[in-house]
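Report on one structure; see the data block that follows.
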Amino acid sequence: MTLETAVLLLALAVLGFVLVYKYLRKKPKLRIICLVLLSLIALVLAGYIGLTLLFVYAVSHQPPTL
């Protein structure tokens, strides 16, 4: 997965939070399930993005080899 795809999916997960709160007010069980799933997805994507940025930083600041 590319970094751009991960950022797009994270943005869609955040949009999902908004839509769940807006459209699932009368179904509390379904709302909780959706929010838990979206939270897990957002957590995994945020971790992936963070680790990718850390890896790119580490590679770009690597000392030259002799």
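In this text, all values refer to a predicted model and were calculated from it rather than measured experimentally. Numbers here are sequence positions counted from 1. What's counted below: heavy atoms across the whole structure, side chains too, no hydrogens, waters or symmetry copies.
- The CD1 atom of I49 sits 5.0 Å away from the CG atom of L10 when rounded to the nearest 0.5 Å.
- Grouping the Ile, Leu, Val, Met, Phe, Trp and Tyr side chains by contacts below 4.5 angstrom, directly or via other members, places L3 with L12.
- With rounding to the nearest 0.5 Å, the separation of CG in L45 from CG in L38 is 10.5 Å.
- Put simply, the side chain of Y48 gets close to the backbone of M1: a donor and an acceptor are under 3.5 Å apart.
- Put simply, Y23 and L15 are part of the same group of oily side chains (I, L, V, M, F, W, Y) that touch within less than 4.5 Å, one to the next.
- Within the 4.5 Å cutoff, side-chain heavy atoms of I33 are placed close to those of L37.
- Enclosure of atom CZ in F17 by more than 12 non-hydrogen atoms of other residues, nucleotides or ligands within 6.0 angstrom is indicated.
- Residues I32 and L40 fall within the same hydrophobic cluster, defined by Ile, Leu, Val, Met, Phe, Trp and Tyr side chains chained together at heavy-atom separations under 4.5 Å.
- The nearest pair of heavy atoms linking L24 to C34 is CD1-SG, 4.0 Å.
- V7 and L9 fall within the same hydrophobic cluster, where Ile, Leu, Val, Met, Phe, Trp and Tyr residues are linked whenever their side-chain heavy atoms come under 4.5 Å apart, directly or through other members.
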